[in-house]
Structure formats: C-alpha cells, structure tokens
> 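Below are the structure tokens for one structure; questions will follow.
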Amino acid sequence: MALTERTEISRREVLADGQIQVRTDTVIERDGVEVSRSFHRHVVVPGADVSGEDASVQTVANAVHTAEVIAAYEAAVAARES
Amino acid sequence: MAWTFYNASGEAMIEDGAMTIANNTNNRVVTATGADPASLNGEANLTFDGTNLTVGTGNVIVGTAGKGIDFSNQASPAAGMTSELLDHYEEGTWTPTLLDATLNAGESQGYENTAGHYLKIGPRVFIGCRIAMTSLGTLTGSDQANIGGLPFTSASTSNTENGFGFGQGDGLAITAGNSVSGQIYGNINHIRLKVWDATTGASAMTVTNVSADGILIFSGQYTT
C-alpha cells in the first residue's frame with residue numbers, strides 16, 4: 001500500500017476587476033485511488049508578485065493583469081484605503 | 001403475439017422476451033451501460049420509492065457551476081429573500097497575514113504560527129483565524145493594520161460591509177479597556193483592524209498596536 005500526496009490548482013476564478021481567486025487542492029491517494037481531498041484558498045490581486053504562483057496561475061495573471069487593469073485596481077484600492 | 005421495438009433507423013432494439021434488467025429489485029433506478037444496444041442495470045445504491053430518492057453510497061455531484069439545490073417550493077419565503085438556490089458549499093483553509101497599508105505580504109513579517117479555516121455556503125463565507133506574530137518585519141508601525149489572505153474577495157455590492165468581533169488577543173499594545181474589532185467592505189480580501197477606543201466608536205488599529213509578539217484570534221463572516 002502506497003500513500004501519496006499531491007497538489008493541484010482546481011480553481012482560477014477571475015473577478016471583474018482582475019482579482020484571481022485560486023483554490024489549491026491537496027489530494028491523498030492510496031495506490032493511485034483518491035482517499036482524501038482538502039482545499040486551500042488565496043486571492044491574487046492585480047499587480048501582485050506572481051513569481052511564486054503555480055504556472056497556470058501565472059499564465060492567467062499575465063493575461064489578465066494588464067497595465068490598465070493594475071492601474072485601475074490600484075486606484076480603487078487607494079480610494080478605498082484613504 | 002411476438003413483438004419487437006425498432007429505433008428510428010429501423011434497427012431492432014428490444015425483442016419480445018429479450019428485455020432483461022440486471023440486478024432489478026423494487027425501487028432501484030435503472031441505468032444503461034455500454035453503447036447501442038445498451039444493457040440495463042438496477043442500481044443497488046440509487047433508489048426511488050415514489051417519494052424519496054436515496055443515494056446509498058457516494059455523493060450527489062452538481063456538474064455545472066451555478067447549479068445546485070432549488071428550494072423555491074418552500075412556503076412563505078421571507079421578505080427580502082434574494083435566492084432559494086443553494087449553489088455553493090465549500091470548506092477549506094486560508095493563510096492569514098499581517099499587512100500594513102501597502103497590503104504587501106512580503107515585508108519580512110515573522111509568524112509563530114497562523115491558521116485560517118473557511119466555510120462557504122452560497123455567497124456567505126464564515127472564517128476563523130489565529131495569527132501569532134514573532135516580528136513585524138518592515139511593516140510601517142503607524143499604518144493601518146490589516147489581516148490579509150482571505151479565501152475569497154468580498155462582494156463589490158455597496159452596503160455589504162461586515163464587522164468582526166475578536167474573541168482573544170495577547171501581547172497586543174493597546175490601551176487597557178479598549179477592544180479589537182475588524183471591518184471588511186466591498187471588493188477586498190483583507191480585514192481592516194479597529195480599536196474601540198472612543199465613546200463614538202472604533203478607529204484604526206495600527207501595526208504597532210498589534211506588536212511584534214501579538215496574537216489575535218477571531219471568527220466572522222462576510223458576503224462574496
């Protein structure tokens with residue numbers, strides 16, 4: 001019997017202002033058959049450093065987080081945080 | 001009289017005396033297996049007695065986002081009701097971070113430990129959090145303190161602000177008698193920390209107020 005653990009990105013939800021909700025699944029398998037799955041969530045905002053993100057998230061971020069989107073998001077944050 | 005069912009192409013599908021359903025027992029739902037002609041099988045773990053549909057083992061899987069369980073036949077919906085569709089359920093973890101006004105998680109903050117859990121039912125997210133600091137790193141002490149890393153971004157709809165009550169704190173640098181609270185408003189994924197320090201209400205809690213060895217434990221909920 002072999003227990004293995006792997007992670008996979010199961011959700012990349014892009015919101016209207018460019019924020020990306022990311023869900024990472026941790027999957028436990030026994031002899032290749034899934035016996036457990038748990039979720040971890042985080043949000044990637046426009047302009048954030050995505051170098052530590054999964055490659056698939058980086059692909060989405062690079063496509064969505066244009067200079068215009070980042071500028072609009074940062075302006076909205078500045079207005080809210082003031 | 002012998003009989004035969006034909007499909008639209010004139011192919012014989014079922015002949016008299018030839019139709020059998022494997023594992024057929026009262027109330028079992030019958031499913032087809034294989035290509036044309038398919039074999040039929042009574043599912044031991046899926047039954048319908050005319051009133052209740054029972055899944056003996058396994059789960060009910062909603063195959064399309066935005067679909068779920070529709071409760072619209074419930075009697076007398078409450079005034080202000082906006083939905084009777086349960087279209088999301090999820091539970092998991094998130095990683096709390098202490099942020100200053102720049103909302104940057106990479107300021108060399110040090111943590112003894114952090115733990116965050118969430119439960120999402122429909123658009124509502126219930127969260128729990130424990131964050132224990134060992135260092136403020138390069139955070140600006142006079143800045144508004146925030147808890148970042150929330151699992152979902154809050155709804156962008158106006159007037160959907162939510163407040164958080166903090167049940168436990170330790171090592172903080174606030175004035176005796178004051179208490180800590182939190183605020184989340186539209187379209188963000190962090191909580192602004194507040195201190196109830198005036199008769200008129202709460203004001204900003206600073207990073208210095210949290211302190212380098214501060215511990216905050218709280219739970220709350222917000223709308224996505």
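In this text the structure is predicted, and so the values were computed from the model without any measurement. Labels below follow one simple rule: chain letters A, B, ... track the order of the sequence lines, proteins then strands, and each chain is numbered from 1.
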> Are there residues of residues 87-107 of chain B that reach to under 4.5 Å of chain A by heavy atoms, and which ones?
B/His88, B/Glu90, B/Glu91, B/Gly92, B/Thr93, B/Trp94, B/Thr95, B/Leu103
> Taking only residues two or more places apart in sequence or in another chain, which ones pass side-chain contact (heavy atoms from CB on, under 4.5 Å) with A/Glu13?
A/Arg11, A/Gln21, A/Arg41
> Does the side chain of B/Asp70 pick up a donor-acceptor pair with the side chain of B/Ser72 at under 3.5 Å?
yes
> Measuring heavy-atom distances to chain B, does A/Asp17 have an atom under 4.5 Å in its side chain, in its backbone, in both, or in neither?
side chain
> I'd like to know whether B/Val180 forms a side chain to side chain contact (heavy atoms under 4.5 Å, CB included) with B/Lys194, so could you lay out the CA-CA distance, the side-chain angles of the two residues, the decisive distance to 0.1 Å, and finally the verdict.
CA-CA 6 Å; B/Val180 179; B/Lys194 300 285 185 176; over 6 Å; no
> Check whether the side chains of B/Thr206 and B/Asn209 place a donor and an acceptor atom closer than 3.5 Å, and report yes or no.
yes
> Is chain B contacted by the side chain of A/Val45, its backbone, both, or neither, given a heavy-atom distance below 4.5 Å?
side chain
> In terms of heavy-atom contacts, does CZ of A/Arg30 have more than 12 from other residues, nucleotides or ligands at under 6.0 Å?
no
> So which residue, B/Asn146, B/Thr153, B/Leu150, ends up with the most heavy-atom pairs under 4.5 Å with chain A?
B/Thr153
> Salt bridge check: are B/Arg192 and B/Glu161 linked by an N-O gap of less than 4.0 Å?
no
> Apply ring-ring contact (aromatic ring centres under 6.0 Å, His included) to residues B/Phe126 and B/Tyr222 and explain how you reach the verdict.
CA-CA 7 Å; B/Phe126 302 81; B/Tyr222 63 100; 9.5 Å; no
